[in-house]
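Note on naming: letters A, B, ... go to the chains in the order of the sequence lines (proteins, then strands), and numbering restarts at 1 for each one.
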Amino acid sequence: MSALLDNLNPEQLAAVTLPPQPALILAGAGSGKTRVLTTRIAWLISTGQASQASILAVTFTNKAAKEMSARLAAMLPINPRGMWIGTFHGLCNRLLRAHSRDAGLPETFQILDTADQLAAIKRLVKALNVDDEKYPPRELQHFINANKEAGLRAAEVEAWDEWTRKRVEIYAEYERQCQKEGVVDFAELLLRAFELLSRNEPLRLHYQSRFRHILVDEFQDTNHLQYEWLKLLAAYGGAAPAAVFAVGDDDQSIYAFRGADVGNMRDFERQFAVKSVIRLEQNYRSHGNILDAANAIIANNSKRLGKNLWTEAGAGEPIRLFEAPTDIDEARWIVEETQALIRDGAARSDIAVLYRSNAQSRVLEHQLFSTGIPYRVYGGLRFFERQEIKHALAYLRLLANPDDDTAFLRVVNFPTRGIGARSIEALADSARTYNASLYATVPHLAGRPGASLALFVRLIEDMRQATRDLPLPEVIDHVLDASGLRTHYRAEREGEERLSNLDELLSAAANFVAEAEEPGLAGFLAHASLEAGEHQADAGQDAVQLMSIHAAKGLEFDVVFLSGLEEGLCPHENAISEPDGLEEERRLIYVAVTRARKRLYLSLAQSRMLHGQTRYSMKSRFIDEIPAGLIKWLTPAARPAAERYFDPAPRKAQSQAKDLGGLRIGQLVSHPKFGQGVIVSAEGAGSDARIQINFGGVHGMKWLVLSLAKLTPA
DNA sequence: CATCAATCACCGTAG
DNA sequence: GTGATTGATG
C-alpha cells in the first residue's frame, strides 16, 4: 500500500486519497493525470473502501481505456475486468447488449459507423424523394447527431422554420428505418443507454447501487448527453449519490465540434456541490522552453478556469522553426531531420509528426515511404474502414442480422452477380409495401430479378448453416471463400494488398477471440465499429508516428514535429468564423505543443496543394504568440524576401506567369490598411485587372483592383 | 446489366 | 488529388 503512494507529489497524493465524495481534479498536460486516476482506483480497492464491481471508469479513447486497464493490472493482483472500464460508447454498448430487450433492440443489433450512417441517410433521402440539394445528406447527418447528442428525439426538436420542420421529419423517418433494421449509430448508443436507464427503474436502481465510484477521464470533453448519463448513473439528486471523481483540463478541450461542453466542468462543480477541487500543475513531461511556449500561447485565451504549468526540468533546447516554400519541401525537411535523429540513436516510435487535418499525411507518407523510414499513421482511413474489410464485415453482419439493409445493399451485388439497380429498386418498392427489410422481402418477389435475389439469400442461408458451430476465425474464413470476395480480389490487378488485409481480418478475429469476454460474432462486429482505428496492419513495429493533433491527445513523445502552421489551416479557416472557434484552435496548438518531452519542431509551408490546387498562405498567428526568445529559426530570415518567396520549382497550376505590373502570384505584399498578404490569384488585364490576396487573420481573402490598390512588395 | 471513362464534389478535427 | 457518381457502350 505504501509503495502505491510513493513518489506522488502532495497534490497528487491529496487527489488519490480523497474521501469518497464528488471531486474535480484540474490536471494540466503532463501532470500525471492517468497515474492519479489509476492509483486512486488501486487505493480504493486495496484499502477495502471499494470492491472491484463498484468501480466504473470512463474515458474517451480506446487507447486511454487500455492504458488504464494495463496500469491497474500492474498495480493490483486482480483481474481488472471485474470493473467496468471503457469508453462512453463501449460501456453503453455493453449496457445495451446486456439488456437489449429492455432497450427495444434485437439481441444482435449492429452499430453503424459514420460512413454507414451517411449511406443509410442517402438511401432514406432517395426513398422519400427528398431534394438532396436542399437537404444534403451530410448536413442531415450532422443535424441528427447534434440533436441526439443534446438528448433530443425527433418529436422533441423544436422547429421554427419550414427547412427545419422537414429535417425533423427526416430525422423521425431515419429513427424508424434504424429501428426496423436493428441498427444503431454512435450517438444512438449513448441516447439509447440513457433512455434505458431513465425509463427502467429497477435497472437504474440496480446499477446505481452497484457503481459507487465513478471516475471520469477527460471530463472537459463530455457532451450534454454524456453528462446527463453520468448524473443518472451516479444517482445525482438522490439520497446516496455515487462518488464521482472527475479529471479534466479545460485548456485541452478540443471536441466542441462534436458537442463537448466545457461548461460541464462548472456545472459539475456547482450541481454536485464539489468541495474538493485539486489542481495538478507540476509538469513531469516537457522541458522548460516547451512549457513556456505552451503557457504563453494558452494565456491568450479568455475563457479559462486558470492554471499555470511549471516544471523542475531545465529549459532544454530552443523550439526549432522551419519555413518551407512548399508542402513538399516541408515534408522533405521533416524526413531529413527525422533521419538525422534516428542516426543519432533516437527510437522511431519516440518521434511524432502532428498535423491539423488528416489530408496532410499524404505528402509526409510519400516522403517517408521513398526514404524507407517505417512509419505508422493513426486516423485517416482506418483498418476496419477499408473497402474490402467493410465488404467482408457486411456479409458477417447479414449472418448476425439479415434485416441490416445497409449491409445487404453493400454486398448484394458484390462481387457482381447480375443484380442491378432495377432489381434493387423493385425490391425496395415491395419492401416498403410489406414494411419489411430487403432481405425478408426477397421471397415475396416474383419474376427474373426475384430469381437472382433468391440465389443471394440462399447463399447467405447456406453460409449461416455451414458456419453454425465454427469458431469465429473459421466463420470468417468460410465467408471470404463462399462470398467470392477472395476470388474477386485475386483477379483484380491491385488486389494483393486487399487480400492480405482480408487475411489480417482473420488474425484480428483470432486476437479478439483470445482477449474478449464475449468472443461471438456480434461482439466482434461491435468491436470493429467501436475500435476501427485500433487495429493496424503494421502495429508493433518501431515506426515514426503520424497523426492528427486530436489523435495525439493523451500521448507524449521525445520529439514532436508540428507541421502546417499556416493561417487557414491552423487556425482552420472554418473555425475562425465559429463562436469560440479561435480559442478552440488555440487549445489545439496547446495540446500539440505539450506532447513534446525534449524537442519541438514547428514548420509551415508558404504554398500547399489543397483540393488539387495550390494555395498560398501566411504563417499562423499562433507562432507570433510564442516569445521570440524561445524560438530558433532554421530558415535564414523571419520572413523571406519577396524574391525568394517564389516556389523554386513551380508546379503546373501556377506556371503560367502573369504580368501584374511587377507583382507575381505567390509574392508577399503589403497593403496600407490590411497589412501583409500573399497574392493568390489574378484575373482580367490592364485597368480591369483584379488580384486576390490572402491577408490571413481578420481580413482573410480579398479581391482588389490592381490599379487602385496601393500595394508594395513586402 | 456490366464496364469503363469522364465528370464532379470534397478535406476539419472522431467514437 | 481521390473517391463517388453519371453516362455511353457492348
Side-chain angles (χ1 to χ4, degrees), chain A residues 58-65 86-93 111-119 122 126 132-133 136-138 142 145 148-149 184-190 218 221-223 225-226 253-260 327 354-363 366 378-382 384-387 413-425 448-449 452 526-534 547-553 564 568-576 578 581 584-585 587-589 591-592 608-615 651-653:
Chain A
V58 57
T59 65
F60 273 85
T61 65
N62 297 302
K63 241 179 263 166
T87 62
F88 276 101
H89 292 88
L91 295 176
C92 286
N93 176 52
I111 300 168
L112 299 183
D113 67 17
T114 312
D116 293 332
Q117 185 188 31
L118 186 61
K122 279 184 183 163
K126 208 165 256 171
D132 62 359
E133 301 255 303
R138 277 186 182 284
H142 183 79
N145 289 338
K148 286 189 180 186
E149 276 154 13
V184 299
D185 55 51
F186 284 137
E188 183 73 22
L189 279 174
L190 300 176
E218 309 277 15
D221 287 333
T222 51
N223 63 33
L225 182 56
Q226 287 160 338
S253 157
I254 53 174
Y255 283 107
F257 71 89
R258 60 171 195 202
D327 48 350
L354 309 184
Y355 34 77
R356 172 67 234 263
S357 70
N358 284 312
Q360 288 169 251
S361 74
R362 217 189 17 212
V363 197
H366 180 78
Y378 293 81
L381 185 61
R382 293 178 276 191
F384 283 109
E385 291 168 2
R386 287 166 197 274
Q387 183 206 125
N413 197 33
F414 191 96
T416 50
R417 40 178 78 90
I419 300 171
R422 289 291 269 281
S423 311
I424 299 295
E425 219 163 285
R448 203 165 50 82
S452 39
H527 166 85
S529 304
L530 292 171
E531 302 188 25
E534 293 307 289
M547 66 192 83
S548 72
I549 301 174
H550 284 89
K553 191 159 73 132
L569 196 60
C570 202
H572 195 275
E573 54 198 345
N574 298 355
I576 294 174
E578 286 166 16
E584 174 139 328
E585 297 291 297
R587 291 192 291 268
L588 207 48
I589 295 291
V591 167
R608 183 179 293 280
M609 281 294 250
L610 214 66
H611 301 171
Q613 269 186 337
T614 310
R615 288 253 312 238
R651 276 170 264 179
K652 272 185 214 142

Fill in the blank from the handout: Taking B:dG15, B:dC11, B:dG12 as options, the one with an atom nearest any side-chain atom of A:His572 is B:dG12
Exercise for the section: Answer with base, sugar-phosphate or nothing: what part of the nucleic acid does A:Thr114 contact at a heavy-atom distance below 4.0 Å? Expected result: base
Exercise for the section: Among B:dC11, B:dG12, C:dT2, find the nucleotide with the atom closest to the side chain of A:Arg362. Expected result: C:dT2
Exercise for the section: Kindly say whether, by distance alone, the side chain of A:Glu585 makes a donor-acceptor pair under 3.5 Å with the base of B:dG12? Expected result: yes
Handout entry: From CD1 (A:Ile254) to CD1 (A:Ile549), nearest 0.5 Å
Key = 8.0 Å
Handout entry: Nearest heavy atoms of A:Thr59 and A:Ala64, plus distance in Å
Key = CB-CB, 4.0 Å
Practice task
Calculate the interatomic distance between A:Tyr378 atom OH and B:dA14 atom C1'; express it in whole Å.
Solution key: 16 Å
Handout entry: Value in whole Å for how far the P atom of B:dT13 lies from CD of A:Glu573
Key = 12 Å
Practice task
Tell me which nucleotide among B:dG12, B:dA2, B:dG15 gets nearest to the side chain of A:Glu149.
Solution key: B:dG15
Exercise for the section: Please confirm whether A:Phe257 and A:His550 have ring centers closer than 6.0 angstrom. Expected result: yes
Exercise for the section: Verify the contact: side-chain N or O of A:Lys553 to OP1 or OP2 of B:dT13, cut-off strictly under 4.0 Å; return yes or no. Expected result: no
Exercise for the section: Between A:Thr87 and A:Arg417, just flag the one whose closest nucleotide in DNA chain B comes earlier from the 5' side. Expected result: A:Arg417
Practice task
Would you indicate what A:Phe60 reaches in the nucleic acid, counting non-hydrogen atoms under 4.0 angstrom: base, sugar-phosphate, or nothing?
Solution key: sugar-phosphate
Exercise for the section: Look at A:Ser548 and B:dA14 and indicate whether a side-chain polar atom (N or O) is within less than 4.0 Å of OP1 or OP2. Expected result: yes
Practice task
For A:Gln117, answer base if it contacts any base atom (sugar-phosphate contacts may also be present), sugar-phosphate if it contacts only those atoms, and nothing otherwise; contact means non-hydrogen atoms under 4.0 Å.
Solution key: nothing
Handout entry: Of A:Thr87, A:Val184, A:Ile111, the residue whose pairing with A:Asn93 passes side chain to side chain contact (heavy atoms under 4.5 Å, CB included)
Key = A:Ile111
Practice task
Using whole Å, report how far CG of A:Leu354 lies from C1' of B:dG12.
Solution key: 16 Å
Problem - Nearest-neighbour nucleotide for the A:Asn358 side chain, B:dA2, B:dG15, B:dT13 considered - result: B:dT13
Exercise for the section: Would you classify A:Ala421 as touching base, sugar-phosphate or nothing, given that sugar-phosphate means primed atoms plus P, OP1 and OP2, and contacts are heavy atoms under 4.0 Å? Expected result: nothing
Handout entry: Length of the line joining A:Glu584:CD and B:dA14:P, which is rounded to integer Å
Key = 12 Å
Problem - Donor-acceptor pair, side chain of A:Arg615 and main chain of A:Arg608, under 3.5 angstrom - result: no
Handout entry: Sugar-phosphate only, base, or nothing, as touched by A:Asp185 at under 4.0 Å among non-hydrogen atoms
Key = nothing
Handout entry: N/O (side chain, A:Asn223) to phosphate O (OP1/OP2, B:dG15) under 4.0 Å
Key = no
Exercise for the section: Compare the ring of A:Phe257 with the six-membered ring in the base of B:dT13 and state whether they stack (centres under 5.5 Å, planes under 30°). Expected result: yes
Practice task
Look at A:Asn145 and B:dA14 and indicate whether a side-chain polar atom (N or O) is within less than 4.0 Å of OP1 or OP2.
Solution key: no
Practice task
Let me know the distance between CZ of A:Phe414 and P of C:dA4, rounded to the nearest Å.
Solution key: 12 Å
Practice task
Report yes if the ring of A:His550 lies under 5.5 Å from the six-membered base ring of B:dA14 with planes under 30°, and no otherwise.
Solution key: no
Practice task
Determine: side-chain N/O of A:Ser423 to OP1/OP2 of B:dC1, distance under 4.0 Å, yes or no.
Solution key: yes
Handout entry: Carboxylate-amine/guanidinium contact A:Glu149 A:Arg258, below 4.0 Å
Key = no
Problem - From B:dG15, B:dG12, C:dT5, nucleotide with atom closest to A:Lys122 side chain - result: C:dT5
Problem - Straight-line distance of A:Phe186 CZ to A:Ser529 OG, nearest 0.5 Å - result: 6.0 Å
Problem - Nucleotide nearest A:Arg422 (side chain, heavy atoms from C-beta), chosen from B:dC1, B:dA14, C:dT2 - result: B:dC1
Fill in the blank from the handout: Taken to the nearest whole Å, CG/A:Asn574 to C1'/B:dG12 is 7 Å
Exercise for the section: Using atom CD of A:Gln226 as one end and atom P of B:dA14 as the other, report the distance to the nearest whole Å. Expected result: 16 Å
Exercise for the section: Mind checking A:Arg138 for me? I need base, sugar-phosphate or nothing, with any heavy atom below 4.0 Å counting as a touch. Expected result: sugar-phosphate
Handout entry: Integer-rounded Å distance: C:dA4 P and A:Asp116 CG
Key = 13 Å
